[in-house]
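Encoded as structure tokens, the structure appears first; notes follow it.
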Amino acid sequence: MKIATWNVNSIRARLSRVVPWLQEHSPDVVCLQETKVVDDQFPKELLEDQGYNIVVSGQKTYNGVAVLAQHQIENVITELPDGSDADDKEKRVMGCCVEDFMILNLYVPNGREVGHNHFYYKLEWMKRVRQLLEESYDPDEKVVVTGDFNITFDDRDVHDPERYHEKIHCSTPERDALRDLMSFGLHDGLRKFHEEGGIYTWWDYKTRGFSRDEGLRIDHFLMSQKALDACDSVWVDKKARDGKSPSDHAPVLATFR
DNA sequence: ATGGTTGGAGCCCAA
């Protein structure tokens with residue numbers, strides 16, 4: 001079983017990169033974030049032609065998630081438990097089951113800036129994810145929580161820790177929120193295979209940081225013990241971040257025995 | 001360089 005996560009930064013703008021990438025890697029499951037399209041305009045047919053079943057949860061302009069799978073996609077969830085803001089219409093979550101995996105695909109709010117309203121929304125949102133795990137997931141099963149977390153674990157995930165010290169994506173409250181989520185019984189899949197720092201999944205368009213490998217690791221594979229035990233590899237496909245019209249995120253792939 | 005680029009909207013917002 002090969003599962004991938006990719007913040008594509010618009011599925012319609014990225015089709016010419018996504019379709020050949022599916023052909024190259026043939027992942028069993030792909031969790032997409034920032035699809036940026038309403039459900040009836042999602043370009044399903046081109047992806048179905050590659051052999052995928054597709055479930056989407058999108059909105060106009062912003063956010064949006066989807067799961068593609070070469071197997072049946074069951075028990076789909078697209079809502080978090082209600083937070084303090086009951087009018088929350090942001091499409092950022094897709095839970096589902098594929099084969100013997102319980103999958104949760106997340107696009108965690110960016111947070112904008114430490115102390116900003118969006119920052120506190122992000123922290124509250126993470127608590128609601130924890131609540132969803134408690135309600136609908138079993139830590140004794142093969143659980144994979146993946147997506148764009150917009151949070152680094154520690155300074156190994158940061159190309160310039162001084163510049164990012166207590167800044168957005170790297171602050172102590174965000175990292176604590178991530179640790180709290182993992183206390184459900186989840187582990188950082190990539191670190192099973194790679195202890196070294198300098199592995200990134202996102203590079204800023206604005207500073208053209210990719211050419212100097214100035215990035216952050218903010219896209220993750222969190223795994224229950226059973227999923228971690230079955231996991232063969234976790235790796236970042238930097239090649240997909242290079243070349244013409246890339247997303248600002250690279251895909252991350254995990255394989256399981 | 002407190003800047004810069006990208007995508008989707010619609011004459012700016014979010015990342």
Side-chain angles (χ1 to χ4, degrees), chain A residues 5-19 21 31-44 46-47 56-66 85 87-94 105-126 129 146-152 157-171 173-175 177-178 200-220 236-252:
Chain A
T5 182
W6 196 359
N7 179 323
V8 289
N9 186 17
S10 170
I11 186 61
R12 288 177 294 178
R14 213 61 61 210
L15 270 181
S16 66
R17 297 296 304 256
V18 170
V19 170
W21 184 85
C31 296
L32 299 176
Q33 306 89 35
E34 279 208 88
T35 52
K36 292 187 172 179
V37 64
V38 293
D39 293 353
D40 60 10
Q41 288 178 41
F42 192 101
K44 278 187 170 178
L46 258 170
L47 302 173
V56 296
S57 178
Q59 64 184 92
K60 191 172 145 184
T61 313
Y62 306 118
N63 309 317
V65 289
D85 180 6
D87 294 327
D88 194 342
K89 295 290 186 288
E90 299 192 355
K91 302 300 187 187
R92 298 176 172 277
V93 174
M94 182 165 287
N105 175 21
L106 301 176
Y107 175 45
V108 178
N110 177 290
R112 293 199 190 181
E113 197 179 336
V114 175
H116 195 284
N117 282 346
H118 284 67
F119 177 76
Y120 298 111
Y121 173 68
K122 179 182 197 172
L123 299 179
E124 276 301 310
W125 197 91
M126 290 292 282
V129 175
T146 188
D148 176 3
F149 288 75
N150 273 313
I151 303 173
T152 56
D157 297 340
V158 185
H159 78 273
D160 186 347
E162 276 183 39
R163 191 179 116 200
Y164 276 91
H165 180 69
E166 292 299 335
K167 294 287 196 299
I168 196 68
H169 309 310
C170 304
S171 72
E174 290 167 279
R175 288 174 174 177
L178 187 52
Y200 310 128
T201 65
W202 171 86
W203 298 260
D204 201 340
Y205 283 135
K206 289 186 274 196
T207 54
R208 303 184 183 282
F210 185 73
S211 61
R212 296 177 301 281
D213 200 21
E214 295 176 356
L216 301 175
R217 186 171 73 105
I218 55 177
D219 303 84
H220 303 300
V236 180
D237 181 20
K238 280 181 73 176
K239 194 157 64 72
R241 177 62 178 81
D242 206 354
K244 187 173 158 55
S245 298
S247 168
D248 47 352
H249 294 252
V252 188

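In what follows, chains carry the letters A, B, and so on, assigned in the order in which the sequence lines appear, proteins first and then strands, with residues in each chain numbered from 1. What's counted below: heavy atoms across the whole structure, side chains too, no hydrogens, waters or symmetry copies. Computed from a predicted structure; not experimentally measured.
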Residue met sooner reading DNA chain B from 5', once A:Q41 and A:R208 are mapped to nucleotides: A:R208

Residues in side chain to side chain donor-acceptor pair (under 3.5 Å) contact with A:T35, at least two apart in sequence or another chain: none

A:W6 vs A:C31 side-chain heavy atoms within contact, under 4.5 Å: no

4.5 Å side-chain heavy-atom contact, A:N150 and A:H169: yes

Length of the line joining A:K244:NZ and B:dT5:P, which is rounded to integer Å: 16 Å

Integer angstrom distance from the C1' of B:dA9 to that of B:dA15: 15 Å

Results of side chain to side chain contact (heavy atoms under 4.5 Å, CB included) for A:D213 - residues two or more places apart only: A:Y200, A:W203, A:K238

Flag for A:E214-A:T207: side-chain donor and acceptor within less than 3.5 Å: no

Distance, C1' atom - from B:dA1 to B:dC11, rounded to whole angstrom: 28 Å

Sugar-phosphate, base or nothing in reach of A:R163, heavy atoms under 4.0 Å: nothing

Aromatic plane relationship, A:H159 with A:Y164 - under 30° parallel, 30 to 60° tilted, over 60° perpendicular: perpendicular

B:dA14 and B:dG10, which share atom name P, separated by this distance in whole Å: 13 Å

Check nucleotides 13-15 of chain B for protein N or O atoms closer than 3.5 Å to its own N or O atoms and list the pairs.
from, atom 1, to, atom 2, distance (Å)
B:dA14, OP1, A:R112, NH2, 3.3
B:dA14, OP2, A:R112, NH2, 3.3
B:dA14, O5', A:R112, NH2, 3.0
B:dA15, OP2, A:R112, NE, 3.4

